[in-house]
Amino acid sequence: MELEWLDSRIVDGLSELVLVFDERGQILFGNQAALEKLEYERDELTECNMTQIFRQVFSRAGESSDVFDRSRVEGRGDIAMYRKNSSCFPADVHILPAARAGAYVLLAEDVTVLRDMNLRMRELREEGQENLRRRNEFTANVTHELRTPVNGIKGHVTTLLNEVQDEGLRRTLDIILYCCDNMSAIINNILDFSKLETGKFTIEEKEFDFYKMMDRVIATHTAEIHKKELRLSVDIDERIPRLLIGDELRLVQILNNLLSNAVKFTMAGSVSVVAGKTMQAGDEVELFFMVKDSGIGISPQEQDKLFQSFSQVDASITRRFGGTGLGLAITKQLVELMHGDVHLESEKGKGSTFSFSVKLRTDQQADENQNEVYVDWSEYTNKENTEDAGILQFGEQENRAELKKRMDKLVLSIEMGAWDKAEMLASTVKALVEKGDDDIKKQVLRMEMAIRKCNHDKSMAMYENLKAALSERIGEL
Ligand code: ADP
């Protein structure tokens with residue numbers, strides 16, 4: 001058969017194997033790479049049929065060796081190609097119709113190295129998973145074994161506390177209880193982390209009272225806050241439905257972790273907690289939380305590592321404050337399981353703000369005014385000077401309710417990426433705050449939350465701009 005259409009010099013230069021064959025599988029040509037790989041002389045190869053090269057496929061099927069069914073070879077990434085001496089190698093094979101009718105070109109690449117690498121990687125992955133499984137089994141056993149004696153000590157100490165009158169002894173018993181609680185917290189963290197790592201963690205869907213939950217979270221930390229003489233501010237968005245459906249225990253765990261860190265790392269100044277509703281569509285509610293402190297802060301380099309497991313800023317901090325460095329890694333994973341994310345903004349020496357969002361459900365439907373879909377911008381389009389119009393309109397006492405609505409729209413526009421409108425409203429807000437309107441502080445906070453939450457360049461720029469303009473007042477919030 002004439003192969004004048006084939007430029008053998010070019011084809012011989014290719015590193016891939018090239019075999020030209022006819023309808024019946026008779027080989028008409030093999031390039032240099034094919035000859036070398038298959039270990040045939042040029043004349044010998046053209047005596048062969050493709051079924052000899054792919055003998056595993058064809059002999060297995062028990063078909064006659066001179067019928068070559070192309071479709072059984074085409075597109076296979078790991079098919080065995082046989083050498084003259086009957087040894088074989090895995091190949092990635094493609095077949096194209098040749099320039100002349102009745103002929104086909106097969107392109108093949110030896111994937112031995114790739115296959116070995118994949119095999120090795122699979123082995124390593126399996127080994128890793130096995131190690132992880134063993135480690136987690138060990139962790140589960142050890143933590144379980146540790147829990148029992150700690151609970152035993154706690155039980156006895158509590159009984160003693162009820163009986164002992166001596167003040168000195170009571171103080172000692174209190175310290176023992178405190179140490180036991182710390183130990184329980186560490187054991188629980190290790191157990192949670194190990195479960196999260198193996199994907200064995202499930203998020204509950206149960207109804208709970210959001211406001212009661214927040215009260216309990218705050219109450220857990222007030223004693224320590226008073227002891228350290230810190231100021232505490234709590235701002236909870238009253239638009240958050242009372243009854244929510246989700247994992248209360250885990251939400252409490254996240255908040256407790258952030259709040260205990262905020263208190264732990266703040267020697268003087270304040271700690272604030274903000275909870276806001278940033279979205280409600282149908283029965284889905286998105287909440288956004290901020291835990292802000294004026295404590296020791298975290299440098300940018302240190303911030304990068306913080307959400308990894310066992311990460312603490314430095315060893316001296318561990319000695320001074322204790323902890324395992326697991327809290328934030330767990331927090332991040334729990335938040336992600338609740339379809340949200342965590343952000344940190346911090347400056348060394350000035351304080352930190354941890355914020356996160358979570359998605360929950362509610363049985364209560366959003367009323368129309370609160371629904372995300374409700375954004376009516378028509379009234380802004382015919383105002384020449386929005387800033388002035390804003391001050392006049394919202395600065396008046398009787399228009400507070402109206403102001404709230406506008407702020408809601410600002411939050412929505414930020415979330416929806418309607419930047420022109422958001423900027424227009426942001427300037428109104430800025431002007432109002434500069435006028436010293438205390439009532440809108442809360443609303444500004446809400447906007448700050450929305451801006452942080454969407455974490456978009458444009459919103460960040462707007463936030464920086466607002467922050468600079470309102471630095472004094474925002475500092476008071
Ligand atoms: P730990 O149990 O050690 O507190 P975390 O994962 O909760 O573990 O925190 C890891 C580290 O992050 C802490 O050891 C501390 O160095 C730093 N960190 C966390 N929160 C704050 C904060 N509010 N202010 C300053 N540093 C913090």
Side-chain angles (χ1 to χ4, degrees), residues 139 143 146 150 178-197 201 217-218 220-222 224-225 227-234 249-275 288-337 340-356 358 448-449 452 475 477:
T139 311
T143 43
L146 282 172
V150 173
Y178 176 76
C179 294
C180 285
D181 284 341
N182 273 349
M183 198 129 131
S184 297
I186 293 170
I187 293 170
N188 289 342
N189 264 355
I190 296 175
L191 204 59
D192 281 349
F193 183 73
S194 140
K195 272 199 222 153
L196 282 163
E197 217 181 21
F201 210 97
V217 168
I218 302 299
T220 312
H221 302 274
T222 38
E224 190 64 14
I225 289 172
K227 203 160 103 191
K228 293 181 92 170
E229 294 182 2
L230 303 174
R231 280 192 313 281
L232 169 70
S233 90
V234 180
L249 212 71
R250 297 306 172 183
L251 194 53
V252 167
Q253 185 176 355
I254 297 167
L255 284 164
N256 274 342
N257 184 33
L258 296 182
L259 204 49
S260 64
N261 276 347
V263 178
K264 179 154 94 172
F265 296 108
T266 307
M267 303 312 123
S270 61
V271 169
S272 70
V273 181
V274 182
F288 187 81
F289 296 85
M290 261 190 336
V291 178
K292 203 169 182 172
D293 66 62
S294 61
I296 61 173
I298 309 161
S299 72
Q301 304 87 284
E302 294 160 348
Q303 287 176 31
D304 289 343
K305 300 180 285 183
L306 268 198
F307 293 99
Q308 293 162 15
S309 48
F310 307 106
S311 168
Q312 289 183 320
V313 165
D314 68 35
S316 63
I317 285 185
T318 317
R319 279 194 298 278
R320 205 165 134 214
F321 298 100
T324 52
L326 278 179
L328 289 177
I330 293 173
T331 296
K332 183 172 158 55
Q333 294 195 53
L334 287 179
V335 166
E336 282 168 4
L337 281 174
D341 48 337
V342 194
H343 293 288
L344 163 63
E345 209 176 285
S346 183
E347 205 177 321
K348 191 114 190 143
K350 294 217 167 141
S352 313
T353 304
F354 284 88
S355 53
F356 68 96
V358 287
E448 191 186 335
M449 292 195 302
R452 279 176 200 269
L477 294 170

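Everything quoted here is computed from the prediction, not taken from an experiment. Whatever order the structure lists ligands and atoms in, that order sets their numbers, starting from 1.
Within the set Thr331, Leu326, Val263, Asn261, the minimum heavy-atom distance to atom 20 (N) of ligand 1 is found for Asn261. For the residues Thr353, Leu259, Leu306, Ile298, the heavy atom positioned nearest atom 12 (O) of ligand 1 is part of Leu306.
We find that Lys332 and Glu336 are joined by a salt bridge, their nearest charged nitrogen and carboxylate oxygen being less than 4.0 Å apart.
Between the side chains of Asp192 and Gln253, at least one donor-acceptor pair of N or O atoms lies under 3.5 Å.
Contact annotation: the side chain of Leu258 never approaches that of Val342 to less than 4.5 Å [non-hydrogen atoms, C-beta and beyond].
Contacts between Asn189 and ligand 1 below 4.0 angstrom, taking non-hydrogen atoms only, are absent altogether. Contacts between Ile296 and ligand 1 below 4.0 angstrom, taking non-hydrogen atoms only, involve the side chain exclusively.
Looking at ligand 1, you'll find an N or O of Leu328 within less than 3.5 Å of one of its N or O atoms.
Ligand 1 lies within reach of Lys264, whose nearest heavy atom is under 4.0 Å from it. Residue Ser352 places a heavy atom under 4.0 Å from ligand 1.
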- When you look at Gln333 and Phe193, which way does the side-chain contact (heavy atoms from CB on, under 4.5 Å) test go after all the steps? CA-CA 9 Å; Gln333 294 195 53; Phe193 183 73; 3.9 Å; yes

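Nearest heavy atoms, Leu328 versus Leu306: CB-O, 3.7 Å.
Contacts of Lys195 classified as salt bridge (charged side-chain N to carboxylate O under 4.0 Å, His left out), with partners at least two apart in sequence or in another chain: none.
When each atom of ligand 1 is checked for a heavy atom of Asn257 under 4.0 Å away, the hits are 7 (O).
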